[in-house]
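The first residue in the sequence is number 1, and the count goes up from there. Heavy-atom basis, side chains included; hydrogens, waters and symmetry copies ignored.
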Amino acid sequence: MQDFAFKIEKYIYYMLLLTVAVIPLQQELASGCMNLTFAAALLVAFYKGRSQEKVLHTWEQWVLYMLLAIAVFSLNFSGDKFMSAWNLVYVAGQYGGMIFVLMRYGWQDRKHLVLYRENDVTLKSNLAYNWVREQSWGNSFLGNCLQKYFRLPRPLQLIGAFLTIAVFVSSVGVAQKFLGVIADSIWSDPDEFPELKIRVYSTLVNPNILGGYLVLVIAYCCAFFHVLKQHRITRFGCLALGLLAALCLLYTYSRGNWLACGFSLLIFAVFYCHKAIVPIMGIGVAAVVIGGQAVIHRLASITSGEDTSAALRLAYLEGTQAMIEEHPWGVGWFGYRFAFPDYNFYLDDKNVIMYHCHNMFLNVWAELGYPGFLCFLTVLVIFIYNAARLSCRGKTPWLRAMGTGYVLAASGLSIGGLTDHIYFNTQMGMLFWFLGILVLVCRKMNANNEYL
């Protein structure tokens, strides 16, 4: 078994790369890939131990341990301890696996930071790069692109996989619009929005989750387009993907994610690229023209609160507030659905099941109580603070782009989190931890690298 562990170690990073690529495609597939990758990494760690420096500071590790401990402790307050415990093992296990594998295999302490450096001492052990070179098509356009890709620092390869698969996800969403996907009645109010017949959801569960995913994609596209000014092909690709993702986001008709994207672009224009103000306004006008009456009506309904969806959200917030006041220690991980019937003031129907509050922050507060909420905020602040520093002090443009991308993504996440809790979805939750920990991985590479 020990020999097997040492043999598979060289493949674990590529298993992680595959996992990142399939996250938005299918939840069970992503879970299977993550579990296999985590199991392989644990096996190697058992026999080999730690072979590199820590990515996290000690106090940061304790914050994560504390968050996990609070989640476990909260099971005592759940209305169904077995279901909550099972969900904790299934979901938190995948999140923990992503964190563990990413911190061990998502970076290289001896890896150069300059893109496509010729004297790369790590190429001899780069399995994917050498495999492509050995193929008959290795010198073709595709082969050269793949060789360049696998010569990138690992964080860039990972974010590249995230953005590349976004082309497919966005294209499927746009295709759904023109091929015709009938909007489910639970996603829109036909009486209030009779002109809204189609809301796309692509490979994800529903339009709102797809919208939240696209906000992340657009944020990183903006960051890399702005920072990598000397790499024209990369910039053009980011611009094209950003526009495609924006079109797909338009057709989700997800008002909360429209606001989230708008706020993210505002942060980008104010703090990073003043020249983007006019183009962003132009894109906004174009979105209204393309979307027509359906977009105008959806935007107008944000403040009116006349449709069923908005009224339900306000009612859920009222019930969640009462839940928090009566359960200061929380109702347990995955316990919201079991406590909700007692706080369903709007419908007053005990048979209605609601898995989460349509507010990310209140949902965490309601389930994990005051300690869990403060711990979660601390984790979020750690990610945003280090991303902001990286966006200003990164030693190379791509490191600054990684920091900028997360700042923009977190801006959208925070605004979108006020109107929905899409990170209740396991796929989006995996992306939350992937992008956040990737910032700390980049921080480590930025601090340690001696090749510049």
Side-chain angles (χ1 to χ4, degrees), residues 19 23 26-42 45 56 60-103 205 209 212 316 320 323-324 326-343 353-380 382-383 413 417 420-437:
T19 300
I23 285 176
Q26 213 275 338
Q27 181 170 312
E28 286 72 22
L29 177 60
S31 297
C33 289
M34 187 69 259
N35 291 334
L36 286 175
T37 306
F38 187 27
L42 284 177
L56 302 181
E60 292 172 337
Q61 286 182 307
W62 281 108
V63 170
L64 292 179
Y65 291 147
M66 187 178 299
L67 183 60
L68 178 60
I70 291 172
V72 173
F73 176 73
S74 73
L75 297 176
N76 293 297
F77 308 111
S78 173
D80 190 326
K81 294 181 176 59
F82 175 79
M83 286 293 296
S84 292
W86 167 249
N87 184 269
L88 178 64
V89 172
Y90 176 75
V91 175
Q94 294 179 60
Y95 298 167
M98 174 62 75
I99 295 171
F100 181 82
V101 177
L102 191 56
M103 289 194 299
V205 180
I209 293 177
Y316 295 154
T320 304
M323 191 185 300
I324 291 172
E326 296 184 11
H327 300 275
W329 294 99
V331 296
W333 174 280
F334 196 62
Y336 187 91
R337 62 165 295 184
F338 306 114
F340 175 76
D342 294 331
Y343 299 92
I353 297 177
M354 180 55 59
Y355 291 94
H356 61 86
C357 163
H358 284 71
N359 182 298
M360 178 179 69
F361 301 101
L362 288 182
N363 197 90
V364 173
W365 197 341
E367 292 194 339
L368 302 185
Y370 290 88
F373 177 67
L374 293 176
C375 198
F376 172 75
L377 284 184
T378 302
V379 170
L380 193 57
I382 290 173
F383 292 159
L413 179 154
D420 208 346
H421 181 28
I422 61 171
Y423 292 89
F424 176 84
N425 174 268
T426 305
Q427 294 162 278
M428 293 302 299
M430 289 176 68
L431 287 178
F432 172 85
W433 290 106
F434 162 67
L435 295 174
I437 296 298

Would you compute the distance between atom CZ of F432 and atom CD1 of I437 and round it to the nearest 0.5 angstrom? 9.0 Å
Please name all residues satisfying side-chain hydrogen bond (donor to acceptor under 3.5 Å, both in side chains) with Q94, sequence neighbours left out, ordered by chain then number. S31
Identified side chain to side chain contact (heavy atoms under 4.5 Å, CB included) partner of M360 from the options D420, L413, I422: L413
What I'd like to find out is whether the side chain of F383 reaches to under 4.5 Å of the side chain of W433, using heavy atoms alone. yes
Closest approach of M428 and G212, non-hydrogen atoms and distance? CE-C, 3.9 Å
To the nearest 0.5 Å, how far apart are CE in M430 and CD in Q27? 9.0 Å
Are any of the side-chain heavy atoms of L102 and F434 separated by less than 4.5 Å? yes
Could you give me the CA-CA distance, side-chain angles and deciding distance for H421 and Y336, then say whether side-chain hydrogen bond (donor to acceptor under 3.5 Å, both in side chains) is met? CA-CA 12 Å; H421 181 28; Y336 187 91; over 6 Å; no
CG on N363 to CD1 on I324, rounded to 0.5 Å: 9.0 Å
Holding to side chain to side chain contact (heavy atoms under 4.5 Å, CB included), I want the full list of residues that pass it with L29, two or more places apart in sequence or in another chain. V22, Q26, C33
Would you say the side chain of L56 lies within less than 4.5 Å of the side chain of M103, judging by non-hydrogen atoms? yes
Interatomic distance, L88 atom CG to K81 atom NZ [nearest 0.5 angstrom]: 14.0 Å
Check step by step if side-chain contact (heavy atoms from CB on, under 4.5 Å) holds for V205 and N425. CA-CA 9 Å; V205 180; N425 174 268; 3.6 Å; yes
F100 meets the ring pair (Phe, Tyr, Trp, His ring centres under 6.0 Å) criterion, sequence neighbours left out, with F38
Side chains of residues 68-76: which donor-acceptor pairs under 3.5 Å do they make with residues two or more places apart or in other chains?
residue: S74; atom: OG; partner: A71; partner atom: O; Å: 2.6
residue: S74; atom: OG; partner: W333; partner atom: N; Å: 3.0
residue: N76; atom: ND2; partner: F73; partner atom: O; Å: 2.8

Among residues at least two apart in sequence or on other chains, which ones pass side chain to side chain contact (heavy atoms under 4.5 Å, CB included) with T37? I12, M15, L16, T19, M34, V101
Go through the structure and list residues passing ring pair (Phe, Tyr, Trp, His ring centres under 6.0 Å) with W62, not counting sequence neighbours. Y65
With sequence neighbours left out, write down each residue that passes ring pair (Phe, Tyr, Trp, His ring centres under 6.0 Å) with Y370, or none if nothing qualifies. W365
Considering non-hydrogen atoms only, spot the tightest contact between G372 and L67 and give its length. O-CD1, 4.0 Å
Just how far is it from atom CD1 of I382 to atom CG of L64, taken to the nearest 0.5 Å? 7.0 Å
Got a second to check how far F338's CZ is from M83's CE, nearest 0.5 Å? 5.0 Å
Does a side-chain heavy-atom distance below 4.5 Å link V91 with F334? no
Hey, does the side chain of Q427 reach the backbone of I23 with a donor-acceptor pair shorter than 3.5 angstrom? yes
Across all chains, not counting sequence neighbours, the salt bridge (Lys or Arg N to Asp or Glu O under 4.0 Å) partners of E60 are R443
What I'd like to find out is whether the side chain of F361 reaches to under 4.5 Å of the side chain of L380, using heavy atoms alone. yes
Could you tell me which residues satisfy ring pair (Phe, Tyr, Trp, His ring centres under 6.0 Å) with H358, sequence neighbours excluded, listed by chain and number? Y316, H356
Considering all heavy atoms of both residues, which atom of G335 and which atom of S84 are nearest to each other, and what is their separation? N-OG, 4.1 Å
